[in-house]
Amino acid sequence: MALIKTQDFIESVADALQYISYYHPEDYIRALAAAYEKEASAPARDAIAQILTNSRMCAEGKRPLCQDTGIVVAFVKVGMQARFEGDMTLEEMVNEGVRRAYLHPENTLRASIVNDPAGSRKNTKDNTPAITHVEMVAGDSVDIQIAAKGGGSENKSKLAMLNPNDSIVDWVLKVVPEMGAGWCPPGMLGIGIGGSAEKAVLLAKESLMQPIDIQELQARGAQTRIEELRLELYEKVNQLGIGAQGLGGLTTVLDVKILDYPTHAASLPVAIIPNCAATRHVHFTLDGSGVAELTPPAADAYPDVHWAPSPQAKRVNLETVTRSDTQSWKNGDTLLLTGKILTGRDAAHKRIKTMLDKGEPLPVDFNNRFIYYVGPVDAVRDEAVGPAGPTTATRMDSYTDIMLNTGLLGSIGKAERGEQALAEIARHKSVYLMAVGGAAYLVSKAIKKSRVLAFADLGMEAIYEFDVVDMPVTVAVSADGTSVHNTGPAEWKKKIALVAV
């Protein structure tokens with residue numbers, strides 16, 4: 001009978017969360033490297049190069065792969081014969097591990113969890129509580145899977161209660177384009193089928209803990225209906241042409257995972273949850289012998305890919321750029337920004353709107369400036385700022401007209417903009433620039449200085465001013481409202497269809 005010591009459990013959870021903050025799973029690195037080699041879309045290939053370069057940098061620098069260091073999810077399978085030392089509950093031990101990991105002084109992780117979600121939404125400051133799922137199983141050991149799930153991908157989760165004769169494939173192919181690029185492809189799709197509504201969603205989440213093995217499955221062939229579904233969906237989702245970061249390309253998903261469970265004769269619950277480019281999960285077992293040992297990815301797992309700006313990239317001086325200049329930028333242009341940019345995301349935008357509604361003066365002058373949608377990780381050592389990749393821009397869509405009325409030249413984020421936002425960008429002759437989600441540490445290296453200008457009480461959601469040098473972005477929406485997230489996937493869907501024919 002194994003005795004699991006409290007401190008061994010807590011330290012193992014804390015170590016696992018630090019580990020996954022800067023190490024991609026090795027299977028993900030190799031799958032993404034293979035996608036890079038075959039990618040024919042230049043913008044998508046550049047985005048994958050940034051993600052791969054960022055992955056290597058994070059492994060070497062022990063800093064987060066993404067500024068959104070996630071909500072912690074723990075799947076804990078407890079052997080019926082295992083015993084625990086002390087009086088702490090499983091959830092309490094998991095949460096103490098989370099607290100220690102996220103407050104680690106050498107690699108501080110961003111605290112994103114807010115309590116009172118329908119009310120004050122105050123940050124808990126240490127990223128607790130985690131979401132813990134406990135299952136009793138045979139044996140005397142404790143099996144633990146730990147993941148850190150980013151909000152951008154989690155927000156794209158879908159659940160449908162289909163009729164028993166409905167097509168699961170048709171439903172998935174309908175909802176994946178609706179998910180847009182906010183989940184930062186290329187990643188994985190987790191699908192849960194059966195059970196009840198909540199069971200299907202749980203199956204989808206748990207399926208994402210499995211290693212990438214679609215190439216092996218293709219090689220040996222499907223042996224079950226679920227394997228047939230995986231292969232069919234993998235092929236058909238990639239034929240949509242969505243591509244890396246939604247820019248259009250050959251690879252949208254690196255794998256499709258499916259778990260199923262018996263269900264009611266009148267039901268067919270189906271859930272889908274995407275995993276983003278910052279795929280973060282690890283699996284270990286505690287048997288009473290001490291703290292879990294975690295092995296880093298092999299050095300040769302990282303491909304010889306070192307992103308550098310394209311020779312065709314245009315350098316932009318943010319201190320002198322004008323609205324006339326921005327109107328000359330074309331969809332898909334690569335820019336290198338140098339100068340000062342402002343930051344602001346959900347909470348800051350809400351506060352700005354409240355102040356304007358009350359007729360109060362704003363604490364920051366937005367005229368002729370760019371705003372970057374970001375919630376950075378705190379700096380450590382000699383950093384100006386911690387990893388600072390973009391957050392999903394569509395969450396700021398409802399504030400577009402309000403913010404552009406302040407004189408903003410444009411915004412910077414990730415993923416597509418909604419139809420109303422596109423119309424408002426065109427009306428104001430503004431632009432929207434896209435930074436690569438999943439390349440947060442790489443992006444942060446372009447930020448040389450950082451200071452808080454307003455709303456310091458909002459923490460990572462405060463308004464900062466960044467001094468940047470050659471910050472890489474892509475023109476995602478030009479001044480006429482044309483979106484590369486519409487034109488890119490449409491173009492590549494046609495190209496892939498022609499090749500298939």
- Message: Taking Asp300 first and then Arg30, would you say they form a salt bridge - that is, a charged N and a carboxylate O separated by under 4.0 Å?
- Response: yes

- Side chains of Asp325 and Thr322: is there a donor and an acceptor less than 3.5 Å apart? yes

- Does atom CD of Glu319 have more than 12 heavy-atom neighbours from other groups under 6.0 Å away? yes

- Message: Looking at Asp68 and Lys149, is any side-chain nitrogen of the basic one under 4.0 Å from a carboxylate oxygen of the acidic one?
- Response: no

- Is there a donor in the side chain of Gln50 and an acceptor in the side chain of Asn54, or the other way round, less than 3.5 Å apart? no

- Would you call Asp213-Arg220 a salt bridge at under 4.0 Å N-O? no

- Nearest heavy atoms of Leu254 and Ala31, plus distance in Å: CD2-O, 3.8 Å

- With a 4.5 Å heavy-atom cut-off, do Thr338 and Asn317 have their side chains touching? no

- Would you check if the side chain of Gln18 reaches a backbone N or O of Ala101 as a donor-acceptor pair within less than 3.5 Å? yes

- Arg230 with Asp255: basic N within carboxylate O range, under 4.0 Å: yes

- Query: Is a side-chain donor-acceptor pair under 3.5 Å present for Arg417 with Ser411?
  - Reply: yes

- Task: Write down the atom of Ala181, the atom of Ala415, and the distance for their closest heavy-atom approach.
- Result: C-CB, 3.5 Å

- Shortest non-hydrogen contact from Ile425 toward Ser478: CG2-O, 4.1 Å

- Message: Under a plain distance cut-off of 3.5 Å, with no hydrogens placed, do Ser21 and Asn107 share a side-chain donor-acceptor pair?
- Response: yes

- Taking Thr128 for the side chain and Arg99 for the main chain, is one N or O donor matched with an acceptor at less than 3.5 Å? no

